[in-house]
Undergrad: 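Encoded as structure tokens, here's the structure I'll be asking about.
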Amino acid sequence: MSIEGEDPLFRSGRVNFGGVIKQINLAYVPEAKVGDYVLVHVGFAINTIDEEEANQVFEYLREMDELADLESNEAK
Amino acid sequence: MKFIDEYREPKAARRYAQAIRHITTRPWTIMEVCGGQTHAIVKFGVDELLPSEVTLVHGPGCPVCVTPVELIEKAIEIASTPGVVFCSFGDMLRVPGTSKDLLSVKAQGGDIRIVYSPLDALKVARENPRRQVVFFAVGFETTAPANAMAVYQAFQQGISNFSMLVAHVLVPPAMEAILSSPSNLVRGFLAAGHVCAVMGYSEYEPIARKYHVPIVVTGFEPLDILQGIYMTIRQLEEGRAEVENQYTRAVSRNGNQPAQELIKDVFQVVPRKWRGVGEIAASGLGLKPKFAAFDAETRFGVAHRIVEESSECISGSVLQGVKKPHDCPAFGAVCTPEHPLGATMVSNEGACAAYYRYRRVRLQDSATASQESES
Amino acid sequence: MKPEDMPEFYCPVPINQYASVMLAHGGGGKLMHELIESLFLPLFSNPSLAARHDGAVLEFGAHKLAFTTDSYVVHPIFFPGGDIGTLAVNGTINDLAMCGARPLYLSAGFILEEGLPMETLKRVVESMSRAASEAGVQLVTGDTKVVDRGKGDGIYINTAGIGIVQAGRSIAPAGVIPGDAVLLSGDIGRHGIAIMAVREGLAFESAIESDCAPVAEPVLALIEAGIEIHCLRDLTRGGLASALVEIAEAARIHVGIQEAAIPVREDVRGACEILGFDPLYVANEGRFVAFVPSRDTERALALMRSHPLGAGASLIGSVTRDPAGLVTMRSSIGASRIVDMLSGEQLPRIC
């Protein structure tokens, strides 16, 4: 939501968890910008979430379904 | 909440479960090595959706579970020292030592504080310059960057009243210990997503090759776990043994470089004792000599305290329906719901036992269920 | 199945026998219940205590009186949505309401720590006065003690309350029968999170306030409408889970609930994720569960929803005979698990 701090080690930001805001250390995600989603563990952001990959779980399912359809079509 | 709720979607969960059922032709035993994953599996009942051929074994994935008695005793000794402020994550407070836990020390007057981050402990040190502040640094590689940062900042800012009781453990050596046992039954692993977010997953590739086991880096939400299981079984059914990444939205092969660098600056690989087992070589992290001043064991003179792992765990679990923890089987054995490795649930207070009792209830006729639930 | 050469990792099951009183003994969980069962109940045994309900129902000729007592030790004294005073008044009112009684009179005993600012005390007492008059109850007797600095946490309040039972049928766990519907009066977790937020310095986009409130009105409305209430329980320490487990165990029935039906606000959920808490176990102070015959479900929900305090009322589950003594919950992905009682305070889970 907002980022402050000059020194990379002490760089921190206000992170929003569904309406709760907490100050989180961003030293390990130097590329993070306001608006990004991050994975937080014990007060530190340990990675940014790749939004494109976020759909992968559902893409995979779709592909499986398509494959299943193909297989059942072939079987006919 | 975004990036959480979507991965708890019931229809998708059922479809994954169906897909797993569809490809499974033989019994497989899969281990997951993260307390968070075990928790999600129990909380959402993921294993209930799986076909009976798939057995999920809960591995040594929670620092609570693997912290040796000796370390708890050291923690208790430090925390009982007058003037010390002992900071810890909540779930460590109820892990039993030989006769007490940290909560008992608190009841007897110890200044023990629950924190959510090692930086909170550092803050306490800053605000109380005349007190010794100790942080109980347990955890796998996921927590290491945070702990490294705390020590680094303490060093940079000269916060000399701060120290850490370090008990970091590493996942790959634990996995090798399990896999190299002659009676191991585990055929596939779900690697801990958050550990890999930090460390990447290249270090699992040699393990997959050496022991011919598929390893799938998996997230923590139910859909992540189901997809991870699917990918593992697919590999098993196809005879492959590779490292795959299910948790692509947060994990890359090389992991988080800045985090790894700071870990390397502050920590070094050391032998570590694991609860009940004893020492495994190169299985933990300890402070490098440059930061040795911040090592609580040295500062409080408890470094040479040796406590033998007793062959009997402290029980007190008649309430929870678990007989003797003795009877909890080892990793790599078939850890079925009848014999869960309950430690990861200490932080959830008997949810493991609840899970266990629930299984017994389901397997019995409802006629006898009420008798079982009373025992 | 334990080969000798296997590495053996042992399960550190928590201790549950302590030589001294632990915080967990006040947590609303197993340790507290054990303390009550093994120490208190045997020494004071009588039918009222044996009912194991929030208050005692006593017969005085033609009337039934409900009688309850409570102590308030909350810290911080002031929190978003209330303070120790409003808690004391509303908590007592709610215990009486859970017996199906109209709350009438309260007593209040104050244990004050030397050094407590007068201004603080004044604010608390003013809160209590407001809460009492809003709820239509009178504080009729009280007591004040002061302890040395360092021997108290600012202020402790003990209360007792009396009300007249309005319900014809006895309202207690023993009244629950298979087939009953389990209704929850609103969203859970606000009070505990409001307190934790102050303690942990969490900020919220719009502050989470405690749900501290008197729930006598919606309850009395149910009684007046002729709904046959089998049991009531207000959710306090230990949260929704503990309340349901207590009832399931006392009544020797099974309670099955649906996770998707339990209302939790988004920001409460977010705070729980950060703090490592499960909303099921977080404290509430203005919520209750009602066990009613399933045929009365719609009517009861409509009545509850017509009150501001019951606006979020929902049907969260039902009662069956077996497995007796257990509460099970169907999770959002469709699988079930046992909801157990915690042994003590919920410890924040990190890993």
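Chain letters run A, B, ... following the sequence lines, proteins first and then strands; every chain starts at 1.
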Undergrad: Quick check: do F58(A) and E6(B) have side-chain heavy atoms less than 4.5 Å from each other?
TA: yes
Undergrad: With a sphere of 6.0 Å drawn around CD of E52(A), does it hold more than 12 non-hydrogen atoms of other residues, nucleotides or ligands?
TA: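 At most 12 heavy atoms, drawn from other residues, nucleotides or ligands, come within 6.0 Å of this atom.
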Undergrad: Do you know the tightest heavy-atom contact between Y28(A) and A148(B)?
TA: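 Nearest heavy atoms, Y28(A) then A148(B): OH-CB, 4.5 Å.
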Undergrad: From S117(B) OG over to K22(A) NZ, what is the distance, rounded to the nearest 0.5 angstrom?
TA: 7.0 Å
Undergrad: Under a 4.5 Å cut-off applied to non-hydrogen side-chain atoms, are Y60(A) and M231(B) in contact?
TA: yes
Undergrad: Return the option, out of A12(B), P145(B), G255(B), P118(B), with the maximum number of heavy-atom pairs under 4.5 Å with chain A.
TA: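 Among A12(B), P145(B), G255(B), P118(B), the one with the most close pairs to chain A is P145(B).
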Undergrad: Given a strict heavy-atom distance threshold of 4.5 Å, which part of L39(A) is in contact with chain B: side chain, backbone, both, or neither?
TA: side chain
Undergrad: Chain A heavy atoms under 4.5 Å from Q246(B): which part of the residue, side chain, backbone, both or neither?
TA: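 Q246(B) touches chain A through backbone and side-chain heavy atoms alike.
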Undergrad: Check residues 15-23 of chain B and write down every donor-acceptor pair under 3.5 Å in which the side-chain atom is one partner and the other belongs to a residue at least two apart or another chain.
TA:
| from | atom 1 | to | atom 2 | distance (Å) |
| --- | --- | --- | --- | --- |
| R15(B) | NE | D65(A) | OD2 | 3.2 |
| R15(B) | NH2 | D65(A) | OD2 | 2.5 |
| Y16(B) | OH | V57(A) | O | 2.7 |
| R21(B) | NH2 | L49(B) | O | 3.1 |

Undergrad: Do you know the tightest heavy-atom contact between P258(B) and A27(A)?
TA: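 Taking every non-hydrogen atom into account, CB-O, 4.5 Å.
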Undergrad: Take Q56(A) and Q227(B), measure what side-chain hydrogen bond (donor to acceptor under 3.5 Å, both in side chains) needs, and give me the verdict at the end.
TA: CA-CA 10 Å; Q56(A) 178 275 129; Q227(B) 187 186 5; 2.6 Å; yes
Undergrad: Could you tell me if the side chain of Q153(B) sits less than 4.5 Å from the side chain of N25(A), heavy atoms only?
TA: yes
Undergrad: With N47(A), which of V198(B), N256(B), V251(B) fulfils side chain to side chain contact (heavy atoms under 4.5 Å, CB included)?
TA: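 With N47(A) as partner, V198(B), N256(B), V251(B) yield a single side chain to side chain contact (heavy atoms under 4.5 Å, CB included), made by N256(B).
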Undergrad: Where do T143(B) and F44(A) land on the side chain to side chain contact (heavy atoms under 4.5 Å, CB included) test, with the steps shown first?
TA: CA-CA 9 Å; T143(B) 340; F44(A) 285 76; over 6 Å; no
